[in-house]
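Beneath this line is the structure, given in structure tokens, with notes to follow.
FYI, side chains are in, hydrogens and waters are out, and symmetry mates aren't considered; it's all heavy atoms of this structure.
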Amino acid sequence: ELNPTKARLDETEALFRGALQGQREQLGEHHFSTLVTQSNLAMLLKARGRKAEAETLFRHILQLRERILGPAHPFTLRSLNSLGLLLNGLGRHKEAEPLLRRTMEGQEKMVGPAHPHTLTALSNLAVVLKERGKFEEAEALYRRALEGLQGSLGPEHPETLTVMLNVADIIRTRLDEVCAREPRAP
């Protein structure tokens, strides 16, 4: 018996690939629409667990967007973020960090430090920093994101609450680290 979800995903992928082939032939590899379709396909591949294929495509898209649109363009920043998140999910935190740092810095310059896109980028970078054991910087970024989200989305918004939990978790992690180093009483 065929899994209906898998069949729909197979169909979606086939449609993306067919559209992409047509766009490459009609519009060219560097056309905006072709890049968007490639990005959508990469996201689908990632969701389907085909991370190596997704990574190759994300890198290709990033290279083209940097060359065509420039390093600070919103779509280039989106590509940096997508690749950084994928690498982080693969446990390649050291590779993910500079990409997510560039995303955060680019968002701050483009839309300002309090914009929700910047706050999301702060939080994404904090996740990687925590994984790399850079707890102090991760906590500072989480706190900045929390303060900004409380002001822009409100204290009870799901995104605000998620970052609030991340702040609590990093504090707990840092306390666990301190407790592990302290000598225990006899």
Rounded distance (nearest 0.5 Å) linking atom OG1 of T103 with atom CG of N124: 8.0 Å
Shortest non-hydrogen separation from M110 to A72 and the atoms involved: SD-O, 4.0 Å
Option from M43, R59, K51 for which side-chain contact (heavy atoms from CB on, under 4.5 Å) with L86 holds: K51
H117, NE2: over 12 other non-hydrogen atoms inside 6.0 angstrom: no
Separation between CG of L35 and CG of L62, rounded to the nearest 0.5 Å: 11.0 Å
Cluster check L64, L69: I/L/V/M/F/W/Y, side chain < 4.5 angstrom: yes
Under 3.5 Å donor-acceptor, T37 side chain and S33 backbone: yes
Same apolar cluster (I L V M F W Y, side chains within < 4.5 Å links), I171/L149: yes
Donor-acceptor side-chain pairing of S79 and R65 below 3.5 angstrom: yes
Intermediate values then yes/no, salt bridge (Lys or Arg N to Asp or Glu O under 4.0 Å), R50 and E13: CA-CA 12 Å; R50 291 165 45 200; E13 183 177 339; 2.6 Å; yes
Shortest non-hydrogen contact from G106 toward L77: C-CD1, 3.6 Å
Neighbour count >12 (heavy atoms, 6.0 Å) for atom CE, M164: yes
Minimum heavy-atom distance between A126 and L141, given as atom pair plus value: CB-CB, 4.0 Å
Qualifying residue for side-chain contact (heavy atoms from CB on, under 4.5 Å) with L83, from L100, I61, L99: L99
Heavy-atom check, side chain of E136 versus side chain of R174, under 4.5 Å: yes
Test item: T118 side-chain N/O and Q107 main-chain N/O as donor-acceptor pair under 3.5 Å: yes
hydrophobic_cluster_shared for L90 and V127, side chain cutoff 4.5 Å: no
Beyond-backbone contact of H31 with Q23, side-chain heavy atoms, under 4.5 angstrom: no
Flag for E66-T76: side-chain donor and acceptor within less than 3.5 Å: no
S123 side chain to L119 backbone, donor-acceptor under 3.5 Å: no
Within one Ile-Leu-Val-Met-Phe-Trp-Tyr cluster: F75 and L57, side-chain cutoff 4.5 Å: no
Salt bridge R101-E105, side-chain N to carboxylate O under 4.0 Å: no
E108 with R102: basic N within carboxylate O range, under 4.0 Å: no
Residues D10, R48; criterion salt bridge (Lys or Arg N to Asp or Glu O under 4.0 Å); working and verdict: CA-CA 10 Å; D10 290 345; R48 297 193 78 181; 2.5 Å; yes
R143 with E139: basic N within carboxylate O range, under 4.0 Å: yes
Any side-chain donor near an acceptor of the partner, Q38 and E29, under 3.5 Å: yes
Side-chain H-bond candidate by donor/acceptor type, H73 with R78, under 3.5 Å: no
Side-chain touch L85/K46, heavy atoms, less than 4.5 angstrom: yes
Derivation of the side chain to side chain contact (heavy atoms under 4.5 Å, CB included) call for H60 and T56: CA-CA 6 Å; H60 175 71; T56 299; 5.7 Å; no
Approximate separation, where rounding is to 0.5 Å, of L20 CG and S39 OG: 11.0 Å
Ion pair check, R8 and E11, cut-off under 4.0 Å: yes
Pairwise distance CG(N166) to CG(L161) - rounded to 0.5 angstrom: 11.0 Å
T120 side-chain N/O to P116 backbone N/O, donor-acceptor pair under 3.5 Å: yes
CZ on F135 to CG on D176, rounded to 0.5 Å: 9.5 Å
H93 versus V128, closest heavy-atom pair with distance: O-CG1, 3.4 Å
Carboxylate-amine/guanidinium proximity below 4.0 Å for R17 and E53: yes
Nearest atoms (heavy-atom pairs only) where N3 meets T5: OD1-N, 2.8 Å
Heavy-atom pair with the smallest gap, counting every atom of A145 and V163: CB-CG1, 4.1 Å
Separation of E159 CD from S152 OG (nearest 0.5 Å): 8.0 Å
Joint cluster assignment, L80 & L87, ILVMFWY side-chain distance < 4.5 Å: yes
